[in-house]
2 protein chains.
Amino acid sequence: MGALAARYGLSRSALLYYDRIGVLSPSGRSAAGYRRYSPTDAARLARICRYRQAGLSLDVIRDLLDRPAADLTEALATRLEALNEQVRLLRRQKRHILSYLRAGRTPETSPFLTAERFVELLELAGVSAAQRTEWHAAFERSASAEHQAFLEFLCLPDSTIERIRQWAGGRAATPEEAPPAPPPAPPAAPGPAAPRTPPRPAPEP
Amino acid sequence: MGALAARYGLSRSALLYYDRIGVLSPSGRSAAGYRRYSPTDAARLARICRYRQAGLSLDVIRDLLDRPAADLTEALATRLEALNEQVRLLRRQKRHILSYLRAGRTPETSPFLTAERFVELLELAGVSAAQRTEWHAAFERSASAEHQAFLEFLCLPDSTIERIRQWAGGRAATPEEAPPAPPPAPPAAPGPAAPRTPPRPAPEP
DNA sequence: GTTGACCCGTCTACGACTTCACGGTTTGGA
DNA sequence: TCCAAACCGTGAAGTCGTAGACGGGTCAAC
C-alpha cells in the first residue's frame with residue numbers, strides 16, 4: 001500500500017480516504033488484513049489521478065469509473081465552467097490587491113505587468129495604434145468571451161474592460177452611458193513611447 | 001444584526017462565525033441578549049469585507065485589525081504570491097481538460113480560444129509575423145515572468161511555452177535539448193492566414 | 001528474541017462558512 | 001390580548017481532500 005501511494009505521489013491517508021468513500025477499494029486483503037492492490041486496482045488509481053489532475057471531485061470520479069453511462073466529456077465541460085469562474089474570482093482578488101499595491105506608484109515604477117506596459121511592448125515591436133484598435137475589434141467580434149478573459153488577465157478594472165469592449169464594437173454604447181470618467185487611456189491608444197528604462201526581470205505577472 | 005449582514009452582503013451565520021472566532025464581536029448586547037453592532041463595528045466589518053475581497057484569510061485579517069504592527073502591504077504581497085500559484089494550478093487543470101476536449105478536433109472547429117486563433121486575430125489586424133516575433137522577444141526580455149503567465153493564459157502545453165521562451169531569447173537553449181518533437185508552430189510564426197469562417201461568438205475562453 | 005520498519009484502523013485538524021435543531025424575543029395585525 | 005411570523009440565541013455537525021498523530025499489530029533480518 002505504501003508503495004502504491006508513493007508510486008502515484010499520494011499519501012497513505014489519501015488511499016485510506018479513497019477506500020472509505022468507495023472510490024478505490026483494494027480487491028483483496030492479506031491474512032493479517034493488509035490491503036492488497038491488484039494491477040487492476042493500480043490502473044484504476046492511475047485513472048483517478050488523471051481525473052484529479054483535471055480537478056474533478058472524487059464524487060464525480062467515482063461516477064465516471066463505476067457508472068457506464070457517465071459522460072466524461074460532460075464532466076470535463078462542467079469542470080471547465082467552474083474553473084473559469086474560479087479563475088475569474090481569483091483575478092478579481094488580484095485586481096483588488098494590485099490596485100492597492102500600485103497606489104502611489106506610476107506605472108513605470110510598478111513591478112507588475114500593467115496594460116500600459118503590455119502596450120509598450122507592442123509598440124516596441126512596431127505594432128501601431130491602428131493595428132491594436134483593429135485587433136481589439138476583431139477579438140471582440142469573433143471571440144467576445146475570450147476578449148473579456150484577456151482583458152481580465154491584464155487585471156484591468158471592470159469599468160475599463162467594459163469601455164474597451166464597447167468601444168471595440170461588441171455592443172454599441174448607449175449615449176446615456178458616455179464615459180463616466182476620463183480613466184487611463186485604453187490600451188490601444190496608450191501613454192508613453194518605448195521606455196528608456198533598461199529591461200529588468202519583473203517578479204510578478 | 002440581520003440588517004447589518006444584509007447591508008454587507010453576508011449571511012447571518014457568517015456574522016455569527018466572525019463573532020465566534022473573534023474577528024468581529026459586537027460591542028454590546030440588548031436586554032434579551034441580542035447582538036448590538038455599533039457604527040464602529042460596522043466600520044470594522046467594512047474593512048473586513050474589503051480585505052476578504054482580496055482573499056485574505058480571517059486569521060490574517062484579525063491580525064491586521066488588532067495588531068498595530070501588522071503590515072498590510074506585506075500581507076497583500078504574500079496573498080498575491082499564493083494567488084499566482086493558485087491561478088497557475090487552475091490553468092494547469094484547464095490545459096488538461098482542453099487537451100482532452102480538443103482531441104480529435106482541428107483548431108478551426110474548436111470552440112475554445114487557441115493560440116492559433118489568437119494569432120489569426122493578430123493577422124487580421126495586420127500584425128506581421130516579424131512583429132510578433134519581435135514582440136515575444138521584447139516581452140521575454142523585459143518581463144519574462146509575465147511572458148510565461150501570458151503563454152499559460154493561452155493554455156499552451158509546457159513544452160511549447162518553454163520552446164517559445166527559449167526561442168524568444170530569454171535563455172539560450174543548450175544544444176543538447178534541441179526541440180524534442182516538431183510540435184505545432186509557435187504562435188509568432190503560425191499557420192493559416194486570415195480565416196474565411198464568419199465570426200461567431202465562442203462560449204469559452 | 002529483538003529491533004527496526006512497515007502496516008492497521010481511528011481520530012483530529014484544516015477554512016470559512018452552512019445547515020439543522022431547538023428554543024426564546026419581538027413585532028404587527030386582528 | 002392573543003397569535004403567528006419573523007427575528008434572535010446557542011450548539012452541533014457537515015462540507016472537501018488530505019495530513020498527521022496515536023496505539024497497536026506484523027514482518028523481515030539479525
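In what follows, chains carry the letters A, B, and so on, assigned in the order in which the sequence lines appear, proteins first and then strands, with residues in each chain numbered from 1.
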Any side chain to side chain donor-acceptor pair (under 3.5 Å) pairs touching residues 2-11 of chain B, not counting sequence neighbours?
B:S11-B:S13
Looking at residues 2-32 of chain B, who's got a heavy atom less than 4.0 Å off DNA chain D?
B:G2, B:R12, B:L16, B:R29
What closest approach, in Å, do A:R29 and A:G33 show between heavy atoms, and which atom pair accounts for it?
NH1-O, 2.7 Å
To the closest 0.5 Å, what do you measure between CG (B:L154) and CG (B:L98)?
11.5 Å
What's the separation between atom CD1 in A:I161 and atom CD in A:E152, rounded to the nearest 0.5 Å?
5.0 Å
How long is the line joining CD1 of B:I61 and C1' of C:dA16, in whole Å?
11 Å
Could you pull out the closest heavy-atom pair between B:V23 and B:L58, with the gap in Å?
CG2-O, 3.8 Å
Separation of C:dG15 atom P from B:R62 atom CZ, nearest Å, is 10 Å
Working to the nearest 0.5 Å, report the span between CZ of A:F139 and CD1 of A:I164.
12.0 Å
What is the distance, rounded to the nearest whole Å, between atom CG of A:L89 and atom P of C:dA16?
13 Å
Report yes or no: does B:R92 contribute a side-chain atom to a donor-acceptor pair with the main-chain N or O of B:H96 at less than 3.5 Å?
no
Indicate, with yes or no, if the rings of B:F153 and B:F118 have centres closer together than 6.0 Å.
no
For DNA chain D, what residues of residues 34-52 of chain B have any heavy atom nearer than 4.0 Å?
B:Y34, B:R35
